[in-house]
Amino acid sequence: GEVESQETSEPVESIAMEDGSLMEIHQDAKGYVVRRLGKELPTKFPALDHARMAVQLFKNRAQRHPEQQDIDQDYIEER
């Protein structure tokens, strides 16, 4: 069970958002996950590039709609 220790792993990458928060990309056994403000996105990404793209998309959207900072809402609408 060495896998469990990855939950508290250092992020593979951190991207600063406009509001000063960080979006962190973490690797786990199944791929990559994105976390922000302690919340994990429901999407798991198979490749780091996919996770990066998702972060960039979110960042761009946050810049256009600074009032819509709730990450859960964003992802529910786009399924």
Side-chain angles (χ1 to χ4, degrees):
E2 281 118 49
V3 182
E4 280 76 29
S5 63
Q6 289 190 347
E7 287 307 310
T8 55
S9 66
E10 292 296 301
V12 185
E13 220 163 276
S14 298
I15 296 96
M17 304 300 282
E18 294 296 302
D19 63 2
S21 66
L22 277 181
M23 287 195 87
E24 297 179 342
I25 301 173
H26 290 260
Q27 188 172 13
D28 72 7
K30 296 186 184 69
Y32 295 88
V33 292
V34 177
R35 291 184 193 148
R36 176 167 178 261
L37 303 176
K39 283 181 173 173
E40 195 170 285
L41 296 196
T43 315
K44 277 208 194 302
F45 301 98
L48 184 54
D49 281 348
H50 295 193
R52 278 197 191 113
M53 273 173 23
V55 171
Q56 284 307 122
L57 285 171
F58 186 83
K59 188 173 181 178
N60 294 344
R61 196 181 310 135
Q63 285 170 346
R64 288 200 306 274
H65 308 286
E67 73 283 354
Q68 293 174 4
Q69 284 289 335
D70 187 12
I71 205 163
D72 295 318
Q73 202 51 43
D74 262 1
Y75 278 80
I76 289 163
E77 287 168 11
E78 297 215 355
R79 274 173 214 255

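Because the structure is a prediction, the values reported are computed rather than measured.
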Distance from [X] atom [atom1] to [Y] atom [atom2], nearest 0.5 Å?
X	Y	atom1	atom2	result
Phe58	Met17	CZ	CE	5.0 Å
His26	Tyr32	NE2	OH	12.5 Å
Met53	His50	CE	NE2	6.0 Å
Gln56	Arg61	CD	CZ	12.0 Å
Leu22	Ile15	CG	CD1	8.5 Å

Starting from Met23, can I reach Val12 by hopping between I/L/V/M/F/W/Y residues whose side chains sit under 4.5 Å apart?
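Yes, because Val12 and Met23 connect within a single hydrophobic cluster, where side-chain heavy atoms sit under 4.5 Å apart.
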Shared ILVMFWY cluster between Val55 and Val33, side chains joined below 4.5 angstrom?
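No: no chain of side-chain contacts under 4.5 Å links Val55 to Val33.
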Option from Glu40, Glu13, Glu10 for which salt bridge (charged side-chain N to carboxylate O under 4.0 Å, His left out) with Arg35 holds:
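Of the listed options, the one satisfying the test is Glu40.
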Work out which heavy atom in [X] is nearest to a heavy atom in [Y]; give both atom names and the distance.
X	Y	value
Lys44	Asp28	NZ-OD2, 2.7 Å
Phe45	Ala54	CZ-CB, 3.4 Å
Leu37	Ser21	CD2-CB, 3.5 Å

Mind checking side-chain hydrogen bond (donor to acceptor under 3.5 Å, both in side chains) for Asp49 and listing every partner two or more places apart, or none if nothing turns up?
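Listed in chain order: Arg52.
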Can you list everything that forms a side-chain hydrogen bond (donor to acceptor under 3.5 Å, both in side chains) with Lys59? Sequence neighbours excluded, please.
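Testing Lys59 for side-chain hydrogen bond (donor to acceptor under 3.5 Å, both in side chains), a comparison that skips the adjacent residues, returns none.
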Only counting residues at least two apart or in another chain, list the ones meeting salt bridge (Lys or Arg N to Asp or Glu O under 4.0 Å) with Glu24.
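So Glu24 forms no salt bridge (Lys or Arg N to Asp or Glu O under 4.0 Å) with any residue.
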